[in-house]
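If you're wondering where the values come from, they're calculated on a predicted model, not measured in any experiment. Heads up: numbering here begins at 1 and tracks the sequence.
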Amino acid sequence: MRVLRHLGPYLKRYRWTYILGAIAIVLHVFLKVLIPHFLGVTIDELSESEQKDPDAVRSAIAWSAFSIVAAAVLGATIRTWSRLLVLGGSRRVVHDLRRDVFDRLLKLPPSFYVRNRTGEVMSRVVNDVRNVQGLMGPVYMYLAETAVMYAICVSMIASISPYLLLLGVAPFPLFIVAARRMAGKIQQGSKDAQEELAQLSSKVDESLSGHMVIQTLTLEEYDFERFRERAEEYRRKNLYVSQARASLAPLMLGLSAVSTIVILWVGGPMVVRGEISLGSFLALTFYLAMMAAPTGVLGFVISSLQRGAVSLGRLRELTETEVTLTEPDSPIAIEGRLGELRVEGLTVTYGSPELGVLGADEADPAEGEEFVDPGSRVVLDNLSFALKPGDTLAVVGQTGSGKTTLMRILARELEVERGQVSFGGVDVCDLGLFDLRGRIGYVPQETFLFSKTLADNVALGNPGASREEIQLAIESARLGKDLDQLPNGVDTLLGERGVNLSGGQRQRTALARVMLLDPDLMLLDDTLSAVDSHTAEEILDELEPMMAGRSTVIATHRLSTIRHANHILVLEGGKLVEEGTHTSLLKANGTYARLWRRQSEGDSA
């Protein structure tokens, strides 16, 4: 019940749908129970037919028959409406729940996706949401129907014979004990099966994403064996749940059969002795049969309830995961273009791969204590610099020096402590998240393209761009010369993640996308690593007019592309070891000069 309370806001939103559905269920059950009542009255009329006028008997029988037909037809109609209301309500609830889950996934920090694999998250969004839909649809409907059926049938049996009622319900405590025991097994088994399904989904996602590597290394049999082991484990855990579910139905039907036998054994002589009428006894047996049917369904209901509760708990873990990057309560509006960028004492600590990014409160030791974490490392250590509007800043360093982390912080993808990063004298923590991101054009190291046309991918951030503007951005990114390689030019549909483009073409597509945005700050994270030196220089020449008047930060390992930067930062192990212009750094004969000579010798070779 603690988990199910999580659905409270959704149920409140559609409360009238469920209330009307419950009213319809009550009316349907009431009309259904009237049928054996009318049948019992008719039987009693026939039993007393010798003392009554035949015409009166025929009239009573006709009236009973009409009542039975009317109750059946009206009950079936109301039953249909009850299902439309309840099942429709479940789809509305699940639609809102799926929307909220996906909205939270879009806002979660990168560290969440470091800890959780894509396949597992997808399993929760797809399979667990489907189980919650069963919880809010069929489970709710059958539970309500069963409860109403028991209430009405018990009251009807009690009006006939309280003694037979006690005998009939005597076996049911045994069912409650057995059902609770089986429900515990179903709940744990369902949780294990759903977690195994998440592992299986992750395996499939991994294999499909890396299919080229698998084929190149001829690992098909090895990878299939890994998949088979996962699938076999999922099958085994699912069979355990199915066996537990299957054992509930015969258990409950057997208990219902015992109740019926007891009623027949004791109630039959009572009819003979005239203590109850034959019609009442017949109606009583029908009431017991009506109670037996939903009792048999309770096996499905209990197992679905447990499965849905487990799924809801797994979804709750997603919706309650903390969002570290949020809009400030009172964001400061950005007037005009972004002002001077200042970074002061920026320190970022990464934990182990399972933990992802650690905030300062997690990385810093408490007062008087020494913090020791062998799994964490400082990626950026007390970094400070300034970038005036319109200037170009280059950040260089070997792999692992912290360049990408710095770019993601400037793109407002990672959280920072107050006072470390500001634009125009305003702390980034006080600026609107979406407003700031909308003024920054970030081309990450790993380019991601969607399964849309090339033109749609370029115009992704500016869907209102004209065809001419899109074409101009493509030409500026030096992608126009490759259009003849695509069957439909800019209207070519790209494969998943742009699989039908080369690495350089994907990078230039992402660059064209940013150029179309006309951002105040451009962040280029090794954007030209997949293109040759000549093409890189051509692209930079095209970018010069666009970079004029706007701030640009270029992180790269190719030093030949940043000779004209206004300022260069050299990072080593997360620390700023050198800074200056290209000329001054060469004269200093330090780390930058050593990297420059090494790359120059490689180019000449």
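- One finds a salt bridge joining Arg236 and Glu233 here, because a Lys/Arg side-chain nitrogen approaches an Asp/Glu carboxylate oxygen to under 4.0 Å.
- Arg226 meets the salt bridge (Lys or Arg N to Asp or Glu O under 4.0 Å) test with Glu206, Asp223; sequence neighbours excluded.
- A search for salt bridge (Lys or Arg N to Asp or Glu O under 4.0 Å) contacts involving Asp100 returns nothing, not counting sequence neighbours.
- Note: Ile19 CD1 to Leu11 CG = 10.5 Å, rounded to the nearest 0.5 Å.
- For the atom pair Ile160 CD1 and Phe281 CZ, the distance stands at 10.0 Å (nearest 0.5 Å).
- Sorted pairs that involve residues 151-167 and meet salt bridge (charged side-chain N to carboxylate O under 4.0 Å, His left out), not counting sequence neighbours, are lacking altogether.
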**Request:** Please report the C-alpha distance between Asn238 and Leu197 in whole Å, then the side-chain angles of each, then the deciding distance to 0.1 Å, and finally whether the side-chain contact (heavy atoms from CB on, under 4.5 Å) criterion is met.
**Result:** CA-CA 10 Å; Asn238 247 338; Leu197 177 60; over 6 Å; no

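- Rounding to the nearest 0.5 angstrom, the gap separating the CD1 atom in Ile68 from the CG atom in Leu31 is 13.0 Å.
- Under the 4.0 Å criterion applied to side-chain N and carboxylate O atoms, Asp128 and Arg314 are assigned as salt-bridge partners.
- Here Arg408 pairs with Glu413 under the salt bridge (Lys or Arg N to Asp or Glu O under 4.0 Å) rule; sequence neighbours left out.
- When each of Thr509, Val514, Leu449 is checked for a side-chain contact (heavy atoms from CB on, under 4.5 Å) with Val458, only Thr509 meets the rule.
- Taking each heavy atom of Gly137 and Val86 in turn, the nearest pair found is O-CG1, 3.6 Å.
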**Request:** Just do the salt bridge (charged side-chain N to carboxylate O under 4.0 Å, His left out) check on Glu229 and Lys203 with the steps written out, would you?
**Result:** CA-CA 11 Å; Glu229 291 175 358; Lys203 176 68 195 75; over 6 Å; no

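- With sequence neighbours excluded, no residue forms a ring pair (Phe, Tyr, Trp, His ring centres under 6.0 Å) with Phe434.
- Residues forming a salt bridge (Lys or Arg N to Asp or Glu O under 4.0 Å) with Asp427 (at least two apart in sequence, or on another chain): none.
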**Item:** Test log, rule side-chain contact (heavy atoms from CB on, under 4.5 Å), inputs Met149 and Val33
**Value:** CA-CA 8 Å; Met149 182 70 73; Val33 171; 4.1 Å; yes

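- Pairs engaging residues 434-443 under the side-chain hydrogen bond (donor to acceptor under 3.5 Å, both in side chains) rule: Asp435-Arg439, Arg439-Asp520 [sequence neighbours left out].
- For residues 86-97, every residue pair satisfying the side-chain hydrogen bond (donor to acceptor under 3.5 Å, both in side chains) rule, not counting sequence neighbours, is listed here: Arg13-Asp96, Tyr14-Asp96.
- Partners of Phe423 according to the ring pair (Phe, Tyr, Trp, His ring centres under 6.0 Å) rule, which considers only residues two or more places apart in sequence or in another chain, do not exist here.
- Taking Ser277 as the reference, Asp44, Ser280 meet the side-chain hydrogen bond (donor to acceptor under 3.5 Å, both in side chains) condition, with sequence neighbours excluded.
- Scored by the ring pair (Phe, Tyr, Trp, His ring centres under 6.0 Å) test, Phe66 finds Trp63 as partners (sequence neighbours excluded).
- Considering only residues two or more places apart in sequence or on other chains, Arg228 meets the side-chain hydrogen bond (donor to acceptor under 3.5 Å, both in side chains) condition with Glu225.
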